[in-house]
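Notes for the one structure printed next.
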Number of protein chains: 2
Amino acid sequence: MHSFTEENYLKAIYHLSEGNLMAVSTNQIAEMTNTKAASVTDMLKKLSEKKLINYIKYQGVTLSNSGLNAAVNIIRKHRLWEFFLVEKLGFKWDEVHDIAEELEHINSATLINRLDDFLGNPAVDPHGDPIPDRSGLIKHKKLVKVSEMKAGEQGTVSGVSEHSSVFLKLLEKLGLTLGSKIMITELIEFDGSIILTINQKTDRTISREVAKNILVML
Amino acid sequence: MHSFTEENYLKAIYHLSEGNLMAVSTNQIAEMTNTKAASVTDMLKKLSEKKLINYIKYQGVTLSNSGLNAAVNIIRKHRLWEFFLVEKLGFKWDEVHDIAEELEHINSATLINRLDDFLGNPAVDPHGDPIPDRSGLIKHKKLVKVSEMKAGEQGTVSGVSEHSSVFLKLLEKLGLTLGSKIMITELIEFDGSIILTINQKTDRTISREVAKNILVML
DNA sequence: TAATAATTTTAGATTAGCCTAAATAAAATA
DNA sequence: TATTTTATTTAGGCTAATCTAAAATTATTA
Ligand SMILES: [Mn+2]
Ligand SMILES: [Mn+2]
Ligand SMILES: [Mn+2]
Ligand SMILES: [Mn+2]
């Protein structure tokens, strides 16, 4: 198996390369893992030796098939544990990430598959992120940022692209939790802020910065 | 917090000093942690620095108050996770120990207390071992080895002093699981083996070696 | 395109946890 | 009690993961 640290690097590379299929840079990884570039270079050599990544000096890095597999498995574990913490233990969606960062390294395929069944094979975690199934398949939904919606458009809040506790708590306070139906009432030209109606009841104004991090299914 | 490794040493010292309040020796710890005596000495110095143990060169070691506290907390976590694995995820009692060895190091008081509540604050784990409460209190039951029972005596199987998978599976096959009512039918003088009746139905003969590792509440 | 800036890698150290072999202390035995 | 055996500690090294500082490479800009 891979070490705790190796797993965290693989996960970092995965998250950094999602969407853009570009190679990931040393500095990006250093930032995400809270280490220094020199340390990252050391680890990249090691992961490359193990054939978990494709690495060319100075040219950045991509995950190999086995590296991708390992990364997706860690993410599966992370998201299932987050679901467990919220649905079974009563945690709030802003409280679970750090604990899941530890739990995701528990190493037992049987455990995670039984947990999956116990939870009813959930499709998404408490933040709306898709949970890979046991074969590693991820069902991505097509989601749109609120900041990209036009006046009059409607949709259901289905994800967030910012997972910090402070942001999630704000959404909670605004009533913009997962499943909320929203309609864009007005786009304020001056600063890009947006007025929207939640569940056909409440009107709220949110900044462009907030709107960029809320993902909606149209 | 303490490192994964430090926690394992504290746990080892705790288990080795249970019952006999004697100081624990370097070699005992080395055996329990699958390391060498020299490595243990290194760690004992470190734990002593941190005031987690009382250590005098060549004289063995005992847990300090804070060390005991830490050890009991790890054991609480271990046993609660074992209970979870058996009661919620459907694991057998011989399958949970290794996974719990990993889970016991997850570091969140909130998590473990919520898990405790979710599980209904169980008193004992799947092996009959008492689960410390959130204040660290352990309710030890007075249990007797089957090997110490006399002919005609009755009791309820309530614990095991051997946790290996092979032993637990044997008990399962014999029908000697936790909660079984047993009565000593006959003591065989020749080899110390014991004939007993389980739940007033089945008769079984068990060796002295097996009998020594089954704990009964009279 | 040549100079400058930014990024990445290498060199050389550090720390935790582990090891073997040698030295020392304690316990057992003659 | 002197000797031998056993247990423990010390000495010296190793590996994984990290760091800072310096060197090398790539990217940017004048
Ligand atoms: Mn998370
Ligand atoms: Mn999540
Ligand atoms: Mn156990
Ligand atoms: Mn147990």
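Only this structure's heavy atoms are used, side chains among them; waters, hydrogens and symmetry mates stay out. A note on names: the letters A, B, ... follow the listed sequences, proteins ahead of strands, and every chain is numbered from 1.
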Hey, what do you get for NZ (A/Lys169) to CG (A/Asp94), rounding to the nearest 0.5 Å?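 A/Lys169 NZ to A/Asp94 CG: 5.0 Å, rounded to 0.5 Å.
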When rounded to the nearest 0.5 angstrom, what is the spacing between CG in B/Leu44 and CG in B/Leu52?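 One gets 11.5 Å once the value is rounded to the nearest 0.5 Å.
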Classify the side-chain pair [X]/[Y] by whether it contains a donor and acceptor separated by less than 3.5 Å.
{"X": "B/Glu172", "Y": "B/Trp93", "result": "yes"}
{"X": "B/Ser207", "Y": "B/Glu209", "result": "no"}
{"X": "A/Ser193", "Y": "A/Asp191", "result": "yes"}
{"X": "A/Ser64", "Y": "A/Asn54", "result": "no"}

When the nearest nucleotide of DNA chain D is assigned to A/Gln59 and to A/Thr5 on a heavy-atom basis, which residue is associated with the more 5' position?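 The residue whose closest nucleotide sits nearer the 5' end is A/Thr5.
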Output all residues satisfying side chain to side chain donor-acceptor pair (under 3.5 Å) with A/Glu186, sequence neighbours left out; order by chain, then residue number.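 Result, side chain to side chain donor-acceptor pair (under 3.5 Å) vs A/Glu186: none returned.
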What is the distance, to the nearest angstrom, from the [atom1] atom on [X] to the [atom2] atom on [N]?
{"X": "B/Ile56", "N": "C/dA25", "atom1": "CD1", "atom2": "P", "result": "16 Å"}
{"X": "B/Ile29", "N": "D/dA7", "atom1": "CD1", "atom2": "P", "result": "14 Å"}
{"X": "B/Leu44", "N": "D/dA7", "atom1": "CG", "atom2": "C1'", "result": "13 Å"}
{"X": "B/Met43", "N": "D/dT10", "atom1": "CE", "atom2": "C1'", "result": "17 Å"}
{"X": "A/Lys45", "N": "D/dA16", "atom1": "NZ", "atom2": "C1'", "result": "14 Å"}

So does A/Tyr55 get a side-chain nitrogen or oxygen closer than 4.0 Å to the phosphate oxygens (OP1/OP2) of C/dT9?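 So the side-chain polar atoms of A/Tyr55 do come within 4.0 Å of the phosphate oxygens OP1 or OP2 of C/dT9, strictly under.
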Would you tell me if any nitrogen or oxygen in the side chain of B/Lys57 comes within less than 4.0 Å of OP1 or OP2 on C/dA26?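 Indeed not, no polar side-chain atom of B/Lys57 lies that close.
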Expected rows: protein N/O vs nucleotides 1-7 of chain C N/O, under 3.5 Å:
none

Hey, does A/Tyr9 reach any base, or is it just sugar-phosphate, or nothing, if we go heavy atoms under 4.0 Å?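 The answer is sugar-phosphate, as A/Tyr9 gets under 4.0 Å only of primed atoms, P, OP1 or OP2.
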Heavy-atom side-chain contact between B/Ile99 and B/Trp81 under 4.5 Å: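 B/Ile99 does not reach B/Trp81 side chain to side chain.
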Using a 6.0 Å distance limit plus a 45 degree cone around the ring axis, check whether A/Lys88 lies over the aromatic ring of A/Phe118.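 Positive - A/Lys88 is close enough to the ring of A/Phe118 and near enough to its axis.
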Tell me which residues in residues 35-42 of chain A put a heavy atom below 4.0 Å from DNA chain D, sorted by number, or none.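 A/Thr35, A/Lys36, A/Ala38, A/Ser39, A/Asp42 - these, ordered by number, are the residues of the stretch whose heavy atoms sit under 4.0 Å from the strand.
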